[in-house]
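To start, I am sharing the structure in question, which I have written as C-alpha cells.
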Amino acid sequence: MARDYSNWDESDVRVRANKKGSRPRTKDRPAHDDAVIGRITTVDRGRYTAIVDEDMPTERVLIAARARELRRSPVVAGDFVALVGDTTGAPDTLARLVRVEVRRTLLRRSADDTDPIERVVVANADQLVIVVAAANPEPRTGFIDRALVAAYDSGIAPILLITKADIKDPAELLANYEHLDMTVIISRTAAVGAADAASAIDARSDDGDSALLAGGAVEQLREHLDGKVSVLVGHSGVGKSTMVNALTGSQRATGGVNAVTGRGRHTSSSALALRLQDGEPGSWIIDTPGIRSFGLAHVDADRILHAFPDLQPGTDDCERGCKHDSVAVNCGLDPWVAGGHAGDAGPARLASLRRLLGTSTRTEGRAEAKELGTTA
C-alpha cells in the first residue's frame, strides 16, 4: 500500500549522519565586526597582500589567506577586503581574508570571444589607461576598441597612451579616435633633442635596463592619475612597465620585442598596485600582465555599441530589431558613415564595430544552442 507523503514536512524526515563529521552545516556566517579593512595590492599563489590603515601612522602591510567560504569568489588587486586573525603585519604572520567589500567598479574580460566565463582583472579602478606603441610592436586598433568597450561597460574612464611616438608619427592611429571624448597622451623617448633630455626621467628596471622618457609626457599623465586609481593595460613590449617605473619610482622589469614575431616579452606575471610617487592619498597605479587578448563574450551587443559614440547616432534610422552587423539590411550605420558623419576613419570604425558585434552574436548563438541541447 502506497504511503501518502503530501502532508510531510522537514520534521518528518530523518537525516542520515554525515560520515565525515556530524557538525551541522549552516549558511549563517560570522559578522566579523572586529575585522580591519585593507586594500589588496597583489595576489600571488593563494597569498593576498593587503595594506591597512592606509595613509595613517599605523599603516602596515599584511599577508593573508582566503577563508574557505570565499574559495569560489575572485579577489583581485584593488579590492577592499575584511581581514581577521593576526593583523599586526609582523614578519611570518598570516591574516585571514573573510569578506570582499562592495566594489565601485569591476574591470572584466573573457579569455576569448567564445568563452562566456568572466575573468576579473581589477576592482575599484577609476581610469583605464590603454597603452599602445606607435611602432615596434605595431598598434592594433582592435585591441584598443576592445579595451574601450570593457572600460565603458565597467563605468571606467579611458585614457589612450601612445608610446614610442619618436619612431613613428601616430597621426594615422589617432584619426580613428578623433570623434571620441577621450584623453590622449603621446610619449616619446628623450633622445630626440636637448630640451627633452634636460627634463628626461630615467625609468630603471630591476633587470638593469634603463629607458629615458621625455618628462613632459610623464608629468602630463601624472596629472591625470593624481588622486585616482588607474589600471594600465597593453601588449607586452609597448613600454607599459617603463612608464610605471617613471610614475612610481619602482623597478618593474622591462622587456623588448621579439624580432621574429613582433610581440613583446612578458615581464609582469601578476597585477600589482603601486602608489603614484608624490601623489595625493588614494593615488594608485595597477600594472597588469601583458594582455594579448581582451575577450568580450560577457558584454552584450547593445553595450558594445555604446563604446562607439561616433557611430551610435546612425542607428536612429535603423529598422526595429536591426543587429547592425555585416548582414543587416537597411542598417542606418551605412548611410551615416557614407555621409562622413564619423570622419575619415568612419569605415574602419564601422568595420571594427561589426567584427565585435559579429563575435557577440556568435557567442549568444552558442549559449542558446547549449541551453536548447543543439549545436550552433
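Because only heavy atoms are used, hydrogens play no part in the values below, and waters and symmetry mates are left out as well, while side chains stay in.
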Could you see if V184 belongs to whatever hydrophobic cluster contains V233? Use Ile, Leu, Val, Met, Phe, Trp, Tyr and a side-chain cutoff under 4.5 Å. yes

Given side-chain contact (heavy atoms from CB on, under 4.5 Å), test Y177 with L148 step by step and report yes or no. CA-CA 11 Å; Y177 306 101; L148 287 173; 4.0 Å; yes

Is a salt bridge present between R47 and D44, judged by a nitrogen-to-oxygen distance below 4.0 Å? no

If you measure from the Lys or Arg side-chain nitrogens to the Asp or Glu carboxylate oxygens, is any gap between E101 and R99 under 4.0 Å?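 Salt bridge: yes.
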
Using side-chain heavy atoms (C-beta onward) and a distance below 4.5 Å, is V129 in contact with L225?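 Side-chain contact under 4.5 Å: yes.
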
With no hydrogens and no angle check, do the side chains of N176 and T141 hold a donor and an acceptor under 3.5 Å apart?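 Side chains of N176 and T141: no pair found under 3.5 Å.
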
Can you tell me if K228 uses its side chain to pair, donor with acceptor, with the backbone of Q127 under 3.5 Å?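 Not confirmed, K228 side chain does not pair with Q127 backbone.
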
Connected via hydrophobic side-chain network under 4.5 Å: I286 and L160: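 They do share one cluster, since a chain of ILVMFWY contacts under 4.5 Å joins I286 to L160.
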
Does I51 reach the side chain of R275, with side-chain heavy atoms less than 4.5 Å apart?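 Yes, their side chains come closer than 4.5 Å.
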
Donor-acceptor under 3.5 Å (T105 side chain, A125 main chain):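 Yes: the side chain of T105 pairs with the backbone of A125.
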
Test of understanding: clusters of I, L, V, M, F, W, Y form through side-chain heavy atoms closer than 4.5 Å, transitively. Do V81 and V43 belong to the same one? yes

Is it the case that over 12 heavy atoms from other parts of the model lie below 6.0 angstrom from the CG atom of D181? no

L272 side chain near V244 side chain, heavy-atom distance below 4.5 Å: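 The answer is no; the side chains never approach within 4.5 Å.
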
Show your reasoning for whether side-chain contact (heavy atoms from CB on, under 4.5 Å) applies to L174 and I162. CA-CA 9 Å; L174 289 173; I162 302 177; 3.4 Å; yes

Treat each ILVMFWY residue as a node, draw an edge where side-chain heavy atoms are under 4.5 Å apart, and state whether V122 and I40 are in one component.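 V122 and I40: separate clusters.
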
Take atom CG in D53; do more than 12 heavy atoms of anything else shown fall under 6.0 Å from it?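 Enclosed.
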
Does S73 offer a backbone N or O that forms a donor-acceptor pair with the side chain of R66 under 3.5 Å?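 Between the backbone of S73 and the side chain of R66 there is a qualifying donor-acceptor contact (under 3.5 Å).
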
Sidechain-backbone polar pair: S352 side chain, G142 backbone, donor-acceptor under 3.5 Å: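 Checking the backbone N and O of G142 against the side chain of S352, no donor-acceptor pair under 3.5 Å is found.
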
Decide yes or no for L232 and V131: does some side-chain heavy atom of the first lie under 4.5 Å from some side-chain heavy atom of the second?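 Sidechains of V131 and L232: in contact.
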
Return yes if some donor-acceptor pair links the side-chain N/O of T42 with the main-chain N/O of A271 below 3.5 Å, else return no. yes

Side chain proximity check, L311 to L353, heavy atoms < 4.5 angstrom: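 A side-chain contact exists here, since the closest heavy-atom pair is under 4.5 Å.
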
So does Q312 get a backbone contact from the side chain of T315, meaning a donor-acceptor N/O pair under 3.5 Å?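 Indeed, once roles are kept as given, a pair shorter than 3.5 Å links the two residues.
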
Can W284 be reached from V52 by stepping across I, L, V, M, F, W or Y side chains whose heavy atoms are under 4.5 Å apart? no

R222/D278 salt bridge by N-O under 4.0 Å criterion: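 Between R222 and D278 there is no salt bridge, as every charged N stays at least 4.0 Å from the carboxylate O atoms.
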
Would you say the side chain of V299 lies within less than 4.5 Å of the side chain of L356, judging by non-hydrogen atoms?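 Heavy-atom side-chain distance check fails, nothing below 4.5 Å.
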
Sub-3.5 Å donor-acceptor pair from the side chain of R109 to the main-chain atoms of L107, do we have one? no

If you define the side chain from C-beta out and look only at heavy atoms, does anything of L62 sit under 4.5 Å from T93? no

So, S154 side chain and I156 main chain: donor-acceptor pair closer than 3.5 Å or not? no

Measuring from atom CG of L296 to atom CG of L357, what distance do you get when rounded to the nearest 0.5 angstrom?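 Rounded to the nearest 0.5 Å, the CG-CG separation comes out at 10.5 Å.
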
Are F308 and V149 packed together at the side-chain level, in the sense that at least one heavy-atom pair is separated by less than 4.5 angstrom?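 Yes, close enough: below the 4.5 Å cut-off.
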
Please check: side-chain N/O of D169 versus main-chain N/O of A171, any donor-acceptor pairing under 3.5 Å? yes

Show, in sequence, the C-alpha distance, side-chain angles and deciding distance for I130 and F143, and conclude whether the side-chain contact (heavy atoms from CB on, under 4.5 Å) test is met. CA-CA 9 Å; I130 306 164; F143 175 79; 4.1 Å; yes

Is T163 reaching over with its side chain to a backbone N or O of S187, donor-acceptor style, under 3.5 angstrom? no

